[in-house]
Structure formats: C-alpha cells, structure tokens
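Encoded as structure tokens, the structure appears first; notes follow it.
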Number of protein chains: 2
Amino acid sequence: MEDKTCHGVEVAIDAMAGKWKPIILFHLMENKVMRFNELKRSIPNITQKMLTSQLRELEYHHIVHRKVYPQVPPKVEYSLTDYGQSIIPILKSMQKWGTSHFEHLNKNDKEQARE
Amino acid sequence: MEDKTCHGVEVAIDAMAGKWKPIILFHLMENKVMRFNELKRSIPNITQKMLTSQLRELEYHHIVHRKVYPQVPPKVEYSLTDYGQSIIPILKSMQKWGTSHFEHLNKNDKEQARE
DNA sequence: TGCTATAGTATCCAAAATGATACTATTGTA
DNA sequence: TACAATAGTATCATTTTGGATACTATAGCA
C-alpha cells in the first residue's frame, strides 16, 4: 500500500513518448482540426515521415481521429477524438511547467554568469 | 495570438523525456527520500548506468537533490528538490491518464476479440 | 583472509528513434 | 504542355538511447 505502483506512468510514456507526439497533440488541442500540411507547417523541423508515423501511432491509441476526404489532391483532417481530449491535462501541465522551467533555467544561467 | 506556441511543451519534453525519468520521479514523489539501491530495487529492469545517468540529468535541471554521506560503504540519498515538487502535477496527470488508458486499451482488445 | 555491501565508472555493443531524400498519383491551372 | 499542390511511401543513413559486462574502493564481518 505504501509504494503506489508506477504502472500508469509507464503506460502514459508508452502512448505519448517521443520527441514529437506531445507537440502534435498540443497543436491539435489548440486548433481543434488540422490538415496534414497545416500540422507540418506548424511544426517546423518535423519530417513528413515522422509526422505520418506519429499520427498513426496516436490513431492506434484512439487519441487522434483521421478523416479522409475522397478527393484529389488529397485532403485529410486530423483532430483529437472525444477520448483523446482526456489527455489534455497532461499537455497543459507540461506546457505550464515547461514554460516556467525555461525561465528557471535562464535565471540560473544568468546567476552563474555573474559569479 | 490564435496559435499558442508549444515551446513550454518542448522544454518539458527535454527535461523529462526518456523511458526512465518519469518513473524515477514518480518513485521519489511517493517515497520522498530514497537511497540509490532502494531506487534501483523499485525499478526492476533499470541498469545501474541508466539510473545514474538519469539522476544526473535530473540533478542538472534542479529537479532532484543528491545528498552524499561521507562514509563507507557509500550512502547517497535522492529526493525531489523544493523546486522539483513543481513537476508533480505532470506526474499525477500522467499516472491518472495512463491508468485509465490501460483499461481503455484492454476493453478495446476484448471487443476486438469478440468479433 | 576472504566475502559482502554500496554507489558508482568505463567500455563496448545493440536497438530504437529520427532524418534525408527520392518517389507516387491525380487534378487544376498557367 | 509543364508545373504546383496534397498526403502520403520507400529506402537508406545517422543519431540517440539504452543495455551488458566488467571494474573500482573501503569498511565491517565471519
């Protein structure tokens, strides 16, 4: 009872680990619905391959929905599923902490420089 | 204004990404103070090298405090710093979401099997 | 004397994640 | 006719992570 298991944390890591997934999810959270290239343009350094593969994995986890319009040139829209919205608290806490951590690191660097 | 930047998320990923860091942090959150080998025993598959290196990185980010007792055999205690406590909301939201996501995946697997 | 325990390092290797680049099909437009 | 735009794949190369293993020092104990 004393040491709660970290199993949940491991599952979460498994579903959203990687350099890109939280970023992709953040954009979908902010913009609701985005086309493939729109996502690509909002994430400057991502390659097509990475964007595709990360979206596929998120789809597999039912976090992201993929809607294909049968037209040419292709149109594919991505969005968080209803279920996927449940991941928003993680994204928000990461965003909040990360922003303040950035300031923390900066402050510390400046203090070091002064010595 | 419309598209909030994901910079915070990137910083957070940078500080706590990896297979082990969130797990280590979770244990420190639960147990407050842990010796090196105590941590190692609570994380079954981690190697000494990974535990050491991940702790060092967390120390670098001022999230984890390392207290060395000058004695032999060595005694080193790890704990979250006051500052490091600020990361707890991320850990808790990951733990919560991960736990329910695990059930979600299970439920879905069973439904697939029934078809 | 030889063994255990602790908290590490050092070195080498394997595997996983990511990146670069070229390629696809089809429609509309200049 | 040639080119742009879309949402991809396929292939290969590189980088990053992580793992296995052997090694260290020293006190206390049998």
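Chain naming here is simple, since letters A, B, ... match the order of the sequence lines and numbering starts at 1 in each.
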Show me, pair by pair, the donor-acceptor contacts under 3.5 angstrom made by side chains of residues 64-72 of chain B, not counting sequence neighbours?
residue, atom, partner, partner atom, Å
B:R66, NE, B:Y78, OH, 3.2
B:Y69, OH, B:E77, OE1, 3.0

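- Taking hydrophobic clusters as Ile, Leu, Val, Met, Phe, Trp and Tyr residues chained together by side-chain heavy-atom distances below 4.5 Å, A:I88 shares a cluster with B:M94.
- Between B:L51 atom CG and D:dA20 atom C1' the separation is 16 Å, expressed in whole Å.
- Inspection of the A:Y83 and A:H61 side chains reveals no N or O donor paired with an N or O acceptor under 3.5 Å.
- For B:E57 and D:dT16, the CD to P distance is 13 Å, given to the nearest whole Å.
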All N/O donor-acceptor pairs, side-chain side in residues 12-23 of chain A, below 3.5 Å, sequence neighbours left out:
residue, atom, partner, partner atom, Å
A:K21, NZ, A:A17, O, 3.1
A:K21, NZ, A:Q54, OE1, 3.4
A:K21, NZ, A:E57, OE1, 2.9

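- Between the NZ atom of A:K21 and the C1' atom of C:dA16 there is a distance of 12 Å, given to the nearest Å.
- Within 6.0 Å of NZ on B:K75 lie more than 12 heavy atoms contributed by other residues, nucleotides or ligands.
- C:dA7 atom C1' lies 17 Å from atom CD of B:Q54, rounded to whole Å.
- One interatomic measurement links the two molecules: CD1 of B:I24 to C1' of D:dT17, which rounds to 14 Å at whole-angstrom precision.
- Atom pair A:I13:CD1 and D:dG18:P shows a separation of 10 Å (rounding to whole Å applied).
- Distance CG (B:N45) to P (D:dG18): 14 Å, rounded to an integer number of Å.
- Between the C1' atom of C:dG19 and the NZ atom of A:K19 lies a distance of 9 Å, rounded to the nearest Å.
- For B:N106, the CG atom sits in a packed shell: over 12 heavy atoms of surrounding residues, nucleotides or ligands are nearer than 6.0 Å.
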Expected string for nucleotides 4-13 of chain D under the B/S/- scheme (protein heavy atoms, under 4.0 Å, primed atoms plus P, OP1, OP2 as sugar-phosphate) is -BBBBS-B--
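- Residue A:K40 is classed as having no contact, given no heavy-atom separation below 4.0 Å to the nucleic acid.
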